[in-house]
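Shown next, in C-alpha cells, is the structure this report addresses.
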Amino acid sequence: MADKKITLSKNDRLAVALRSTFIQGSWNYERMQNGGWCFAMIPAIKKLYSTKEDQTAALKRHLEFFNTHPYIASPILGVTLALEEERANGAPVDDVAIQGVKIGMMGPLAGVGDPVFWYTVRPILGALGASLAMSGNLLGPVLFFVLWNVIRWGFMWYTQEFGYRAGSRITEDLTGGLLQKVTKGASILGMFVLGSLIERWVSINWTPVVSTVQLSEGAYIEWDQLPNGGAGIKMALQQYLSGMSLEPTTVTTLQDNLDSLIPGFSAVLLTLLCMWLLKKNISPIVIILGLFVVGIVFHLIGLM
C-alpha cells in the first residue's frame, strides 16, 4: 500500500505567510534575508519531514543566500513550498533545483517591488493620509496604516498562493521547460525595471575639471553691483531668469561631458562590474567594502 501523500494545508501555508512578514528580521551582509526566509519555512518543514535529519537538511538548504524585495518574496515562497512538498512525497527534486528556483526568481523580481510599493502605492496612500491629517482629521494616519497593511498583506497572501499553485505545475516538468519559461519571464520583467532605475539608485560624480571659460561682461550677475536688501534679491532673480550665469566663469567637469554624451553611463558600468564580480563568486561584503575604499581614495585624489 502506497504511503499517504503529504500535503500542506491552507493553515500551514498561512503560517508561512505570517512568518514571512519578518523576513527582514535577521538581515545580514553576508546572506542577507536567509534567516528570515528559513524562519518562514519552518512550519512547512515540520509538516513535510518527520525525521530530525531531514528537517535539519531542509533548514540548511534554506540558509543559503537570499535577497529580494520583502513583499515580492511571497510568490517565490509559494513555488518553494510546492517544490518541498513534491520532494517530501518522493519526487526527484534536489537541493540544486530548489535553490535554482529561488535564485532565478529573486533577482529579477526584486526590481518590481520598489517601483510598485515604495514609489507608487505608499506615496499615494501617504498623500491621502497626510491630506486628511493636515485638516485635523485623526482618520488620516489610521487610514494610511489600515490601507497599507491590507494591500500589503493581500498581495503577499495572494501571490504566495499563486506561486504555490504554479510550483505544483513546475514540478510536473522537472526537465526545466516550464521552470525555464517562468524564470525567463521574471528575468525580462525584473531586468527591465532594474535597468530603468539604475540612474536613480547609482550616483557617480567625476569631478576633474575639463575646461574653464571666462564669461564676457553682461553674461553673468555682478553681485557687487546689486543694490542692498530686497531690491538686490529681486534684480538677481530677474537676471538669473533671463539667462545670466551666477558666476563669471563656466567650469566644465568630466561628469558634465559624460552627461552630455550618455547620461548615467558610469552608473551602468559600475552596475555591470558588480554583477560580473558576483558572477565570479566574489562575496557581496568584499564588493561593498571595495566600493567604500575606492570611493574614499578617488575622493582624496580629486577624481570624485
Side-chain angles (χ1 to χ4, degrees), residues 8-29 31-47 62-63 65-85 101-102 105-168 182 185-186 189-190 192-194 196-197 200-201:
L8 292 172
S9 66
K10 187 175 182 179
N11 287 336
D12 297 326
R13 303 193 302 272
L14 181 61
V16 172
L18 289 172
R19 283 172 170 247
S20 69
T21 304
F22 307 102
I23 196 170
Q24 297 273 71
S26 60
W27 196 95
N28 60 89
Y29 280 103
R31 299 189 180 184
M32 299 193 176
Q33 295 172 335
N34 70 320
W37 174 278
C38 188
F39 175 73
M41 289 292 298
I42 287 176
I45 291 173
K46 287 183 175 180
K47 175 69 174 291
H62 292 294
L63 281 173
F65 175 87
F66 184 83
N67 188 51
T68 190
H69 189 281
Y71 304 159
I72 300 298
S74 296
I76 310 174
L77 267 172
V79 174
T80 305
L81 289 175
L83 293 174
E84 287 285 2
E85 184 178 272
V101 169
K102 292 165 59 178
M105 296 179 69
M106 72 180 185
L109 291 179
V112 178
D114 284 344
V116 171
F117 287 99
W118 302 154
Y119 304 147
T120 302
V121 178
R122 190 163 66 173
I124 292 174
L125 296 179
L128 175 62
S131 64
L132 293 174
M134 291 176 66
S135 64
N137 193 334
L138 292 177
L139 188 61
V142 175
L143 187 66
F144 170 78
F145 178 81
V146 172
L147 289 179
W148 171 255
N149 282 284
V150 167
I151 294 173
R152 175 186 66 87
W153 174 245
F155 174 85
M156 292 173 65
W157 171 247
Y158 175 80
T159 54
Q160 181 181 297
E161 288 293 283
F162 175 82
Y164 177 74
R165 293 191 295 270
S168 299
V182 171
L189 175 62
F192 177 80
V193 176
L194 281 175
S196 64
L197 292 175
R200 176 193 292 269
W201 288 345

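For this chain, numbers begin at 1 and follow the sequence in order.
The CG atom of Leu125 sits 4.5 Å away from atom CD1 of Ile151, with the distance rounded to the nearest 0.5 Å. In this structure, Thr68 OG1 and Trp37 CH2 are separated by 9.0 Å, a value rounded to the nearest 0.5 Å. Atom CG of Asn149 sits about 9.0 Å away from atom OG1 of Thr21, to the nearest 0.5 Å.
Partners of Trp153 according to the ring-ring contact (aromatic ring centres under 6.0 Å, His included) rule, which considers only residues two or more places apart in sequence or in another chain, do not exist here. Listed by chain and number, the residues in a side chain to side chain contact (heavy atoms under 4.5 Å, CB included) with Asn67 are Trp27, Met32, Gln33, Phe65 (sequence neighbours excluded). Applying the side chain to side chain donor-acceptor pair (under 3.5 Å) criterion to Asn34, with sequence neighbours excluded, gives Asn28. Not counting sequence neighbours, the partners of Phe155 by the ring-ring contact (aromatic ring centres under 6.0 Å, His included) test are Phe117. Under the rule for a salt bridge (charged side-chain N to carboxylate O under 4.0 Å, His left out), Lys102 has no partner lying at least two apart in sequence or in another chain.
Applying the salt bridge (Lys or Arg N to Asp or Glu O under 4.0 Å) test to every pair with at least one member in residues 136-161, sequence neighbours left out, gives these pairs: Arg13-Glu161.
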Enumerate, atom names and distances included, each donor-acceptor pair closer than 3.5 Å involving a side-chain atom of residues 133-144, sequence neighbours excluded.
| unit_1 | atom_1 | unit_2 | atom_2 | d |
| --- | --- | --- | --- | --- |
| Ser135 | OG | Leu132 | O | 2.7 |
| Asn137 | OD1 | Leu139 | N | 2.8 |

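Looking at every heavy atom in both residues, Leu77 comes nearest to Gln160 through CD1-OE1, 4.1 Å. Taking each heavy atom of Tyr164 and Leu8 in turn, the nearest pair found is OH-O, 3.9 Å. The shortest heavy-atom contact between Gly36 and Ser26 is N-OG, 3.3 Å. Nearest approach of Ile23 to Pro70, heavy atoms of both residues: CG2-CB, 3.8 Å. Across Gly35 and Leu63, no two heavy atoms sit closer than the pair CA-CD2, 4.5 Å. Nearest heavy atoms, Ser9 versus Lys47: N-NZ, 4.0 Å.
Side-chain contact check for Glu84 versus Ile45: every heavy-atom pair is 4.5 Å or farther apart. Side-chain contact between Leu81 and Asp12: absent, with no pair of heavy atoms (C-beta onward) separated by less than 4.5 Å. Between Ile72 and Met105, every side-chain heavy-atom pair lies at or beyond the 4.5 Å cut-off.
The aromatic rings of Trp118 and His69 lie tilted to each other, with the angle between the two planes from 30° to 60°.
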